[in-house]
Amino acid sequence: MIDTRCGLRCEGCEYIQSCGCGGCIATNGHPFHGECPVAMCCQEKGYVHCGECPVIPCELLKQYSCDPEHGDNPPGARIEQCRKWTLSEQ
């Protein structure tokens, strides 16, 4: 199930309950922390998720996915998830 624009998986995320996060797709790019630049970029280009963009991984997505403090574990997991979604759509 595609639940985010950037490839982050909402399933099991602590912010769903603790912050009332609705996810970026359901909230049109405004999850619990406010406007998400990755989601907004994706939406403006008309993509469901970043894996549909020919520029994947762009610098913005790399920043989000590989940030040492708030990024993915392992780094780049969102990028790989977007690629998986794209492959499953073909």
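Only a predicted model underlies this, so the values are computations on that prediction, with no experimental measurement involved.
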Open item on the list: Within this structure, what is the CH2-CG distance for the pair W85 and D3, rounded to the nearest 0.5 Å?
Closed with: 5.0 Å
Open item on the list: Against S65, only a single residue in R78, E80, Q81 fulfils side-chain contact (heavy atoms from CB on, under 4.5 Å); can you say which?
Closed with: R78
TODO: Hey, could you give me the SG/CD1 distance between C10 and I2, rounded to the nearest 0.5 Å?
DONE: 12.0 Å
Task: Between OH on residue Y64 and CD on residue E59, distance to nearest 0.5 Å - done: 14.0 Å
Task: Any donor-acceptor pair under 3.5 Å from D72 side chain to P74 backbone - done: no
TODO: With rounding to the nearest 0.5 Å, note down the distance linking SG in C24 to CG in L8.
DONE: 8.5 Å
Open item on the list: Against H49, only a single residue in I56, T86, I25 fulfils side-chain contact (heavy atoms from CB on, under 4.5 Å); can you say which?
Closed with: T86
Task: Spacing of C50 atom SG and L60 atom CG [to the nearest 0.5 Å] - done: 7.5 Å
Task: Smallest separation among heavy atoms of C19 and F32, with atom names - done: CB-CB, 3.7 Å
Quiz: residues 33-45 side-chain donor-acceptor pairs under 3.5 angstrom, not counting sequence neighbours:
| from | atom 1 | to | atom 2 | distance (Å) |
| --- | --- | --- | --- | --- |
| E35 | OE1 | H30 | NE2 | 3.4 |
| Q43 | OE1 | R5 | NE | 3.3 |
| Q43 | OE1 | R5 | NH2 | 3.4 |
| Q43 | OE1 | G29 | N | 3.1 |
| Q43 | NE2 | N28 | O | 3.3 |

Open item on the list: Could you go through V48 and E52, starting from their C-alpha distance and side-chain angles, then the distance that decides it, and tell me whether this counts as side-chain contact (heavy atoms from CB on, under 4.5 Å)?
Closed with: CA-CA 7 Å; V48 173; E52 296 176 339; 3.8 Å; yes
Task: Residues in side chain to side chain donor-acceptor pair (under 3.5 Å) contact with E11, at least two apart in sequence or another chain - done: none
Open item on the list: What I'd like to find out is whether the side chain of Y47 reaches to under 4.5 Å of the side chain of C82, using heavy atoms alone.
Closed with: no
